[in-house]
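Each remark here refers to the structure printed beneath this line.
Residue numbers start at 1 and run along the sequence shown. Values in this document were obtained by computation on a predicted structure and should not be read as measured data.
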Amino acid sequence: MFELESPIYFYLLALLPIIVALFLFNLFWKRKRQAVFADLELFNQLAPEKSRFKPALKLGVLLLALACIIIALVNPKMGTKMETVKRQGIDIVFAVDISKSMLAEDVAPNRLEKTKQIVSQIINQLGNDRVGIVGYAGSAYPVLPMTTDYSIAKMYLQSMNTNMVSSQGTAFNDAIQLAVDFFDVKDTSKLIILISDGEDHGEGAEDAIEMAKEKGVRILTIGVGTEKGGPIPLRDDKGTIASYKKDSEGQTVTTKLYPEVLKNIADKTKSKYIVGTSTKEVVEELKKSLDKIEKSEFESQQIADFESQYQWFLALGFLLLLVDIFLLEKKTAWVQKLNLFNEKKHA
């Protein structure tokens with residue numbers, strides 16, 4: 001088994017044909033200039049020790065040396081042994097509210113961006129836990145299935161926006177049901193971290209909460225926003241606030257945080273509600289809650305332990321460069337005696 005650490009360096013191999021082209025151009029130019037001063041046969045008599053084969057040999061050695069150095073930069077790795085890796089952790093699904101009310105700026109920069117900051121910082125604190133992401137507004141939308149690749153999780157998180165779900169509202173029922181379906185392993189500790197302002201939550205969340213309880217899923221809730229609230233900005237194509245969302249009577253809509261709804265969801269699954277004003281405080285509170293949850297062994301896989309092999313190519317490359325430096329363009333005496341190319345001996 002093998003892998004390449006930085007295959008992008010293979011693009012440097014494109015330099016080799018350029019070097020060959022420059023060599024041929026230089027050779028053509030030299031012969032053209034020599035022809036101005038003397039016939040080729042006469043020139044060979046004037047420089048009898050000059051080899052016609054050595055320049056091509058030096059070029060070949062140089063190209064091989066550069067190829068070895070480029071391969072060293074790519075750093076091929078060979079798998080030398082297999083190890084069994086067992087992971088212990090928690091299955092966590094982040095249910096992120098992406099309704100229009102999350103654009104309110106009563107917390108900086110706005111509720112949705114604050115949510116992304118909180119989730120990103122939580123992910124940074126995780127170890128071997130698996131994470132998934134669900135987005136929801138009037139309906140729920142699967143964003144990322146369960147994974148241990150935290151960099152991918154944060155990339156998908158940053159791409160979330162309020163246009164991902166067309167129907168508006170805050171469908172806790174759909175979000176919880178979809179999040180529960182994400183848990184594909186039975187004997188693991190399961191946690192949904194539901195983040196919302198709690199506004200316009202609709203009906204039917206009780207059924208989803210009961211389903212989560214039956215499957216041993218806890219729902220920790222985080223409230224983002226203020227109870228005083230704020231308007232929902234509507235921005236133009238340049239990102240400038242053009243106006244604010246208005247109701248049917250033309251009045252500016254003020255969206256507020258409804259903590260009671262979120263507290264109720266957390267209490268019914270024997271979990272906790274956290275105020276999402278300070279990212280640092282949220283992470284600290286959540287870490288305490290996670291420490292109390294029993295870790296489960298949810299993954300066991302064979303992983304090859306790869307070892308770098310770049311040093312062999314690097315050593316060979318520098319050795320060939322030394323050979324190229326000390327390889328002179330004059331004829332080698334013992335090779336000349338063999339007369340491999342049937343060269344005429346000049347008097």
For Thr279 and Lys114, what are the C-alpha separation, side-chain angles and deciding distance, and is it a side-chain hydrogen bond (donor to acceptor under 3.5 Å, both in side chains)? CA-CA 8 Å; Thr279 303; Lys114 185 68 173 179; 3.1 Å; yes
Testing the basics here: between Leu314 and Ala72, what is the closest heavy-atom pair and its distance to 0.1 Å? N-CB, 3.8 Å
Using side-chain heavy atoms (C-beta onward) and a distance below 4.5 Å, is Glu227 in contact with Pro259? yes
Within the structure provided, determine whether Ile133 and Leu157 are in side-chain contact (heavy-atom separation under 4.5 Å). yes
Does any non-hydrogen side-chain atom of Ile118 lie less than 4.5 Å from one of Ile122? yes
For Glu281, look at atom CD and say whether over 12 heavy atoms of other residues, nucleotides or ligands are found less than 6.0 Å away. no
For the pair Glu5 and Lys77, find out whether any cationic side-chain nitrogen is under 4.0 Å from an anionic carboxylate oxygen. yes
Is the shortest side-chain N to carboxylate O distance from Glu105 to Arg235 below 4.0 Å? yes
Test your reading of the model: is there a side-chain donor-acceptor pair from Tyr150 to the backbone of Gly127, 3.5 Å cut-off? yes
If you round to the nearest 0.5 Å, how far is CD1 of Ile176 from CD1 of Ile219? 4.0 Å
Would you check, one step at a time, whether the test side-chain hydrogen bond (donor to acceptor under 3.5 Å, both in side chains) holds for Asp149 with Ser151? CA-CA 6 Å; Asp149 191 334; Ser151 60; 2.6 Å; yes
Residue that, paired with Leu194, satisfies side chain to side chain contact (heavy atoms under 4.5 Å, CB included) out of Tyr136, Tyr273, Phe94: Tyr136
Interatomic distance, CZ@Arg111 vs OG1@Thr226, rounded to 0.5 Å, equals 6.0 Å
Test log, rule side-chain contact (heavy atoms from CB on, under 4.5 Å), inputs Leu322 and Phe318: CA-CA 6 Å; Leu322 284 175; Phe318 281 121; 5.9 Å; no
Side chain to side chain, Arg130 and Met146, heavy atoms closer than 4.5 Å: yes
Would you sort out whether Val93 and Ile193 count as a side-chain contact (heavy atoms from CB on, under 4.5 Å), showing the intermediate values? CA-CA 6 Å; Val93 175; Ile193 299 178; over 6 Å; no
Mind checking the CD-CG spacing from Gln177 to Asp207? Nearest 0.5 Å is all I need. 8.0 Å
Is any side-chain heavy atom of Asn128 closer than 4.5 Å to a side-chain heavy atom of Thr148? no
Do the side chain of Ser120 and the main chain of Gln117 share a donor and acceptor less than 3.5 angstrom apart? no
So, Thr252 versus Lys246: side-chain donor-acceptor pair below 3.5 Å or not? yes
Mark yes or no for whether Lys270, through its side chain, and Lys268, through its backbone, hold a donor-acceptor pair below 3.5 Å. no
Hydrophobic cluster identity match, Leu64 and Ile325, side-chain contacts under 4.5 Å: no
Over all heavy atoms of both residues, which pair between Thr255 and Ala104 is shortest? Give the atoms and the distance, please. CG2-CB, 3.4 Å
Is the count of non-hydrogen atoms from other residues, nucleotides or ligands lying under 6.0 Å from Tyr156 atom OH greater than 12? no
Under 4.0 Å between a Lys/Arg side-chain N and an Asp/Glu carboxylate O for Glu285 and Lys272? yes
Passes side-chain contact (heavy atoms from CB on, under 4.5 Å), Asn173 versus Ile209? Steps please. CA-CA 8 Å; Asn173 180 58; Ile209 293 170; over 6 Å; no
Minimum-distance pair of heavy atoms, taken over all atoms of Arg218 and Thr269: CG-O, 3.8 Å
For the CG atom of Leu191 and the CG atom of Asp91, what is their distance to the nearest 0.5 Å? 10.0 Å
Does the side chain of Ser6 come under 3.5 Å of the side chain of Asn75 through a donor N or O and an acceptor N or O? no
May I ask you to decide whether Lys287 forms a salt bridge with Glu284, counting only side-chain N to carboxylate O separations under 4.0 Å? no
Decide yes or no on salt bridge (Lys or Arg N to Asp or Glu O under 4.0 Å) for Lys213 and Glu210, but give the supporting numbers first. CA-CA 5 Å; Lys213 286 171 63 178; Glu210 286 301 317; 3.7 Å; yes
Check the surroundings of atom NZ in Lys256: do more than 12 heavy atoms from other residues, nucleotides or ligands lie under 6.0 Å from it? no
Are the side chains of Ile69 and Leu321 in touch, meaning some heavy atoms are under 4.5 Å apart? yes
Would you check if Lys100 and Asn163 make a side-chain contact, meaning some heavy-atom pair closer than 4.5 Å? yes
Starting at OG of Ser101, measure out to CG of Leu257 and round the result to the nearest 0.5 Å. 10.0 Å
Flag side-chain contact, heavy atom, 4.5 Å: Met102 against Thr115: yes
Applying a strict under-4.5 Å side-chain criterion to I, L, V, M, F, W and Y, I'd like to know whether Val20 and Leu15 cluster together. yes
Tell me whether Phe23 shares a hydrophobic cluster with Leu12, the cluster being built from Ile, Leu, Val, Met, Phe, Trp, Tyr side chains joined at under 4.5 Å. yes
Looking only at heavy atoms, what is the nearest atom pair of Ile92 and Phe183, with distance? N-CE2, 4.4 Å
Taking Asp174 for the side chain and Phe172 for the main chain, is one N or O donor matched with an acceptor at less than 3.5 Å? no
Quick one: pull up CD1 in Ile19 and CG in Leu59 and give me the separation to the nearest 0.5 Å. 8.0 Å
Should the heavy atoms of other residues, nucleotides or ligands under 6.0 Å from OH of Tyr141 be counted, would the total exceed 12? no
Minimum-distance pair of heavy atoms, taken over all atoms of Val134 and Ala175: CG1-O, 4.4 Å
Under a 4.5 Å side-chain heavy-atom rule over Ile, Leu, Val, Met, Phe, Trp and Tyr, are Leu103 and Val119 clustered together? no
Would you check if there is a donor-acceptor pair between the side chains of Asn110 and Lys116 at a distance under 3.5 Å? no
Would Ser196 and Leu262 count as a side-chain contact (heavy atoms from CB on, under 4.5 Å) if you check the C-alpha gap in whole Å, the side-chain angles of each, and the deciding distance to 0.1 Å? CA-CA 8 Å; Ser196 175; Leu262 299 171; 4.2 Å; yes
For the residue pair Pro76 and Phe313, what are the closest heavy atoms and their distance? CG-CE1, 3.6 Å
Between Trp312 and Leu73, is there shared hydrophobic-cluster membership here, with clusters defined by ILVMFWY side-chain heavy atoms closer than 4.5 Å? no
If we count only N and O atoms by modelled type, under 3.5 Å, do the side chains of Asp97 and Ser99 hold a donor and an acceptor together? yes
